[in-house]
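Report on the following structure.
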Amino acid sequence: MKILLTGASGFIGRHILRALEQAGHEVVPVSRRHGVDFKHMLTPEDWLPHLKEVEAVINSVGVIAETRGQTFDTLHHRAPAALFRACVMAGVPRVVQISALGADDQAITPYQLSKKAADDVLRSLPLEWFVLRPSLVYGEGGKSSAMFRFMASLPIIPLVGDGRQRIQPVHVSDVVATVLQCLPAASARRTLDVVGAYPLTFVDWLQSMRLEAGRKAAVTLPIPFSLIMATAHVGRFVVPMLHPDNLRMLQHGNTADVQSLANFLGRMPLSVEEAP
Ligand SMILES: NC(=O)c1ccc[n+]([C@@H]2O[C@H](COP(=O)([O-])OP(=O)(O)OC[C@H]3O[C@@H](n4cnc5c(N)ncnc54)[C@H](OP(=O)(O)O)[C@@H]3O)[C@@H](O)[C@H]2O)c1
């Protein structure tokens with residue numbers, strides 16, 4: 001198949017790109033590194049020249065925090081919505097949208113709401129669509145994975161609050177497997193939560209990384225949530241993931257029922273112990 005992949009230079013996009021090429025697909029990569037800035041792709045007409053003979057589109061562009069010129073509304077909502085509408089006009093039948101867990105009716109943060117806005121546009125169109133909502137994605141090349149591995153390597157692990165937030169990290173290989181499964185799947189027009197095998201607490205995840213690395217469990221240092229939030233207003237400029245909204249999302253928890261994904265894949269996704 002000829003497939004247009006946005007976010008092809010990103011963490012998840014690079015893994016998808018590699019898998020698509022290995023499966024023999026022809027990929028049209030899109031990102032600023034490939035010469036296309038979503039900022040300038042806000043109408044369907046902007047996208048039409050990129051969609052010639054394209055049979056499927058995978059959208060994997062996103063940012064975890066806004067910076068000057070990189071707004072959620074542009075990157076998550078307006079440019080993807082224009083792309084999806086262009087797919088209808090160009091006769092591209094199938095679209096796989098990488099959204100995020102929490103982009104649902106309970107969405108609270110601008111990140112989640114902007115994702116949901118594009119998901120809703122896609123769901124309203126006459127296309128064979130998939131909206132994939134991954135939880136925290138980890139694996140080789142992930143920025144957050146590297147940060148969490150670093151935290152886990154410290155002799156004393158600092159925790160957000162008591163560290164008991166429930167998360168359900170999904171390995172990037174399972175995100176890729178889900179995307180690949182969407183391409184031939186007969187049952188389109190589906191929203192799927194893409195999560196790991198089971199939920200665990202944030203502190204247990206960090207400690208399990210230590211054990212895997214052959215270290216003993218570490219002493220932890222719970223930092224009151226209010227104190228972290230106060231410092232996050234400055235810290236976000238150093239580490240965008242420390243934006244107060246991202247901490248709120250973490251505190252809220254990030255889990256979902258795994259069964260629909262397991263049925264779709266025909267197997268359980270990996271647990272954190274099984275993942276490479
Ligand atoms: N990683 C996670 O844990 C996770 C969890 C849930 C959902 N997601 C979603 O999955 C998607 C991919 O995430 P990721 O972790 O792979 O992010 P990433 O590593 O930061 O990659 C983001 C991609 O978007 C591209 N991009 C950014 N700004 C752009 C612009 N103005 N125009 C065109 N392309 C632009 C980047 O390429 P250039 O910089 O070259 O333009 C890159 O290819 C995002 O939608 C994210 O919200 C990720």
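Ligands are counted one by one from 1 in listed order, and the atoms in each one are counted from 1 as well.
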| field | K143 NZ: over 12 foreign heavy atoms closer than 6.0 Å | value | no
| field | Top protein contact for atom 32 (N) of ligand 1, by heavy-atom distance | value | F38 N, 2.8 Å
| request: Take the angle between the ring planes of Y111 and H76 and call it parallel below 30°, perpendicular above 60°, tilted in between. | output: perpendicular
| remark: Going by the 4.0 angstrom heavy-atom rule, the piece of K115 near ligand 1 is side chain
| task | Please work out which of T67, L101, V61 has its closest non-hydrogen atom nearest to atom 34 (N) of ligand 1. | result | V61
| field | atom 39 (O) of ligand 1 - nearest protein heavy atom and its distance | value | R32 NH2, 2.9 Å
| message | List ligand 1 atoms under 4.0 Å from K143, heavy atoms only on the residue side. | response | 20 (O)
| Nearest neighbour in protein (non-hydrogen) for atom 23 (C) of ligand 1 | G7 CA, 3.8 Å
| Q70 side chain to T67 main-chain N or O, any donor-acceptor pair under 3.5 Å? | no
| task | Looking only at protein heavy atoms, identify the closest one to atom 16 (O) of ligand 1 and say how far it is in Å. | result | I12 N, 2.9 Å
| field | Identity and separation of the nearest protein heavy atom to atom 40 (O) of ligand 1 | value | S9 OG, 2.9 Å
| said: Under 4.0 Å, heavy-atom basis, I'd like to know which part of A79 is in contact with ligand 1: side chain, backbone, both or neither. | reply: neither
| field | Shortest protein heavy-atom distance from atom 19 (O) of ligand 1, along with the residue and atom involved | value | F11 N, 2.8 Å
| So is there a nitrogen or oxygen of L136 less than 3.5 Å from a nitrogen or oxygen in ligand 1? | no
| request: Would you mind running through ligand 1 and noting each atom that sits below 4.0 Å from a heavy atom of S135? | output: 5 (C), 6 (C)
| message | Side chains of Q168 and N254: any donor to acceptor distance under 3.5 Å? | response | no
| said: Please determine whether side-chain contact (heavy atoms from CB on, under 4.5 Å) holds for the pair M249 and Q112, giving the CA-CA distance in whole Å, both sets of side-chain angles, and the decisive distance to 0.1 Å. | reply: CA-CA 9 Å; M249 286 193 282; Q112 294 168 329; 3.4 Å; yes
| Identity and separation of the nearest protein heavy atom to atom 28 (N) of ligand 1 | Q70 NE2, 2.9 Å
| request: Decide yes or no for I12 and V137: does some side-chain heavy atom of the first lie under 4.5 Å from some side-chain heavy atom of the second? | output: yes
| said: So if I count the atoms of ligand 1 from 1 in the order they appear, which ones are less than 4.0 Å from some heavy atom of V36? | reply: 32 (N), 33 (C)
| If we ignore angles and hydrogens, is there a donor and acceptor under 3.5 Å between the side chains of S99 and D119? | yes
| Purely on distance, is any nitrogen or oxygen of Y111 under 3.5 Å from one on ligand 1? | yes
| said: For a 4.5 angstrom cut-off between non-hydrogen side-chain atoms, does R18 reach H15? | reply: yes
| request: State whether D120 and R123 are salt-bridged, where the test is any N-O pair (Lys NZ or Arg NE/NH1/NH2 against Asp/Glu carboxylate O) under 4.0 Å. | output: yes
| request: Could you pull out, from S99, S60, P80, the option with a heavy atom nearest to atom 9 (C) of ligand 1? | output: S99
| Numbering as shown, the atoms of ligand 1 that approach L75 to under 4.0 Å (heavy-atom distance) | 28 (N), 30 (C), 31 (N)
| Considering distance alone, does some N or O of D37 sit under 3.5 Å from an N or O of ligand 1? | yes
| Single-linkage hydrophobic cluster, 4.5 Å side-chain cutoff, F11 and V61 together | no
| Shortest protein contact, atom 4 (C) of ligand 1 (heavy atom only) | V137 CG2, 3.8 Å
| field | ligand 1 N/O within reach of G10 N/O, cut-off under 3.5 Å | value | yes
| In ligand 1, which numbered atoms sit nearer than 4.0 Å to a non-hydrogen atom of G62? | 22 (C), 24 (O), 44 (C), 45 (O)
Which atom pairs, one a donor and one an acceptor, fall under 3.5 Å between side chains of residues 197-205 and the rest of the protein, sequence neighbours left out?
residue: Y198; atom: OH; partner: E273; partner atom: OE1; Å: 2.4
residue: Y198; atom: OH; partner: E273; partner atom: OE2; Å: 2.9
residue: T201; atom: OG1; partner: D204; partner atom: N; Å: 3.2
residue: T201; atom: OG1; partner: D204; partner atom: OD2; Å: 3.1

| field | Between W47 and F38, ring centroids under 6.0 Å | value | yes
| task | Kindly confirm or rule out an N or O of V63 lying under 3.5 angstrom from an N or O of ligand 1. | result | no
| field | Test of proximity, P134 against ligand 1: N or O pairs below 3.5 Å | value | no
| message | Polar contacts were defined as any N/O atom of the residue lying under 3.5 Å from an N/O atom of the ligand; does this apply to H76 and ligand 1? | response | no
| request: State plainly whether the residues D37 and R32 are in salt-bridge range, i.e. N to O under 4.0 Å. | output: no
| query | What do you reckon, is NE2 of H233 surrounded by more than 12 foreign heavy atoms closer than 6.0 Å? | reply | yes
